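Only heavy atoms go into these numbers, but all of them, side chains included; no hydrogens, no water, no symmetry mates. What you are looking at is a predicted structure, and each value in this text was computed from that prediction instead of being measured.
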There are 2 protein chains.
Amino acid sequence: MFVNAYREGLGTDMPEHPAPRRRQARGERRISQLLQAAADVFCANGYTATSTNAIAREARVSPGTLYQYFPNKEAIAIELGGRLIHQMREAHGQVFTPANMALPLPELVDAVLDPMIEFNCSNPAFLALMHGSDVPGRIAEEHDELHASLLGQVRALIGARAVPAPSAEELDRIADMAFAVFKGGLALIVAAPEGPTRGAAVAELKKVMLRYLAPVFGEPEAAVTTTPTR
Amino acid sequence: MFVNAYREGLGTDMPEHPAPRRRQARGERRISQLLQAAADVFCANGYTATSTNAIAREARVSPGTLYQYFPNKEAIAIELGGRLIHQMREAHGQVFTPANMALPLPELVDAVLDPMIEFNCSNPAFLALMHGSDVPGRIAEEHDELHASLLGQVRALIGARAVPAPSAEELDRIADMAFAVFKGGLALIVAAPEGPTRGAAVAELKKVMLRYLAPVFGEPEAAVTTTPTR
DNA sequence: GGATAACGCGAGCGATCACTCGTGTTTGCC
DNA sequence: GGCAAACACGAGTGATCGCTCGCGTTATCC
């Protein structure tokens, strides 16, 4: 979670506690400030096209200061990506609870989609950083893990509720497609301006998910009825 | 369509025919070869992270040769993007025909989706080039035009067939969401390995579209029935 | 208040990249 | 065959970028 990669101890001594680098409160603030700036610039220009000097400039800080907290450009993206992934894990950890798993389908869709949408709307850098083809490999790995974890939970949820129970291959296909379709709709939602437009897009995406999953869940009637706006 | 941006005539004379640059067959072949190489490398590394020397190397050609046909790196991406967009326009021009517009919903989904999927599977550089946040602005503009054009045809199609007729805002929302959901599913399909896996993903995406659009088209029964695999 | 170390700076260094240029080779045309 | 022009080359050039280093400032601990 912290910037542990930056240890100045290149020596062979201190094998146990590797120079614990007491960080002052000011330093922690600078790190957050730099990561926020990096998120903005990465989001606007992508990883490769972003220069470290541009990040420092955005954070109103000199390049030297930036490199006091991060050993290189990649470490900035890794730390930022790590924090975002951690937040995402925390958010979705509270989603797949036994109580939610038993909800009727429309409420279940609300319970699963809303936190994800909320997170991605408040953290646009997440999609920008995870989706680029030029991000450092480490981020791609962590993102793959997160993706697999989310997919597993979706698969478990659908597998537990689907009527009749699908085969393993069918279950994989359904979970993969549900997730992919959600990501497509999410991109539209994030791109929409905040306000009623975005709210309408959210409701529309939920219609898609509901109509797709209702037959899977053995609730064909839900495919036609419209979700009452809460 | 051709590499028109590359005109060596910086002089003030020849206002009409600006140095027509007779190109030999060999040159045309080189251009295609360079664009193919650029497509591969852009696809693998993204636009910014790709060096012109890497494109030349991929095409088994010296950097100087590359710059005989393209004035700069951006022009390579623009020409490649332009050709892909042109192909895409040709493909979808044959999709929204009056005959197809009258098809029953399942066949309509087949007729619209299949060419798009086919094109994107054979030209993975298209998505890579259009979707990146670091592509030159010119490409983004052309892509926006194409996107708006496609969206307009989808909107017209849904507007003509929807029962009961939706309001203008509803129609916009439905067309936007249908397109966004399709793009999400398309990403899954392109990422899937060729063969039965991909075919199953295509069938699954069609289920999503069918179940979403059936109520819009006033065919609620189609939401439940599975599409027979052809 | 003094010692120590974290913090902050910005000019500058080496590497890399987009791009050029001088020269030699191949092709099309008479 | 001979000439002009298109084609091909690859070492080299200026600019940019990631990153460093030396030095001055601020916070913490006794």
ask   = Should B/R173 and B/E169 count as an ion pair when the cut-off is N to O under 4.0 Å?
value = no
ask   = Rounded to the Å, how far apart are A/R30 CZ and D/dT26 C1'?
value = 12 Å
inquiry  = For A/F182, run the side chain to side chain contact (heavy atoms under 4.5 Å, CB included) check against A/L150, A/I117, A/V208 and tell me which one passes.
reply    = A/I117
request  = On DNA chain C, check which nucleotide each of A/S62 and A/N53 is closest to and give me the residue with the more 5' one.
outcome  = A/S62
ask   = Are A/S32 and A/Q36 linked by a side-chain donor-acceptor pair shorter than 3.5 Å?
value = no
query = Can you tell if the side chain of B/D134 reaches within under 4.5 Å of the side chain of A/N45, non-hydrogen atoms only?
reply = no
query = For C/dC9, does either OP1 or OP2 sit under 4.0 Å from a side-chain N or O belonging to A/T65?
reply = yes
ask   = If you pin B/R60 and A/A54 to their nearest nucleotides in DNA chain D, which one's is more 5'?
value = B/R60
request  = Give the rounded distance in Å between these two atoms: OH of B/Y47 and C1' of C/dA18.
outcome  = 10 Å
Donor on one side chain, acceptor on other, A/H147 and A/K183, under 3.5 Å = yes
task = Would you classify B/T48 as touching base, sugar-phosphate or nothing, given that sugar-phosphate means primed atoms plus P, OP1 and OP2, and contacts are heavy atoms under 4.0 Å?
result = nothing
message = Heavy-atom nearest nucleotide on DNA chain C for A/V61 versus B/K73: which residue maps closer to 5'?
response = A/V61
Audit row: A/F42, A/L80, side chain to side chain contact (heavy atoms under 4.5 Å, CB included) steps and yes/no = CA-CA 10 Å; A/F42 283 151; A/L80 176 60; 3.9 Å; yes
note = Between CZ of B/R57 and P of C/dT16 the distance, given in whole Å, is 12 Å
task = Could you tell me whether B/G64 contacts a base, only the sugar-phosphate backbone, or nothing, with contacts defined as non-hydrogen atoms closer than 4.0 Å?
result = base
message = Applying a 4.0 Å non-hydrogen cut-off, can you work out what B/N72 is touching in the nucleic acid: base, sugar-phosphate, or nothing?
response = sugar-phosphate
For atom CD of A/E74 and atom P of D/dC17, their distance in whole Å = 19 Å
inquiry  = OP1 or OP2 of D/dC7 versus the side-chain N and O atoms of B/R23: is any pair under 4.0 Å?
reply    = yes
query = Is any side-chain nitrogen or oxygen of B/Y69 closer than 4.0 Å to OP1 or OP2 of D/dA6?
reply = no
inquiry  = If you compare every side-chain N and O of B/Y67 against the phosphate oxygens of D/dA8 (OP1, OP2), does one of them come in below 4.0 Å?
reply    = no
key: Protein-nucleotide distance (B/R22, atom CZ; C/dT26, atom P), rounded to Å   = 19 Å
inquiry  = By nearest atom, which of the nucleotides D/dC7, C/dC19, C/dC9 is closest to the B/Q24 side chain?
reply    = D/dC7
remark   = With the side chain defined as heavy atoms from C-beta on, B/Q68 is closest, among D/dG18, C/dA18, D/dA8, to D/dA8
note = Rounded to whole Å, CG of A/L34 lies from C1' of C/dG8 at a distance of 12 Å
ask   = Rounded to the Å, how far apart are A/E28 CD and C/dG8 P?
value = 12 Å
inquiry  = Whether A/R26 contacts D/dT26 is assessed here as follows: a side-chain N or O lying under 4.0 Å from the phosphate OP1 or OP2. Is that the case?
reply    = no
message = I want to check one thing: is the phosphate of D/dG18, taken as OP1 and OP2, less than 4.0 Å away from some side-chain N or O of A/T52?
response = yes
remark   = Between CZ of B/R29 and P of C/dT26 the distance, given in whole Å, is 14 Å
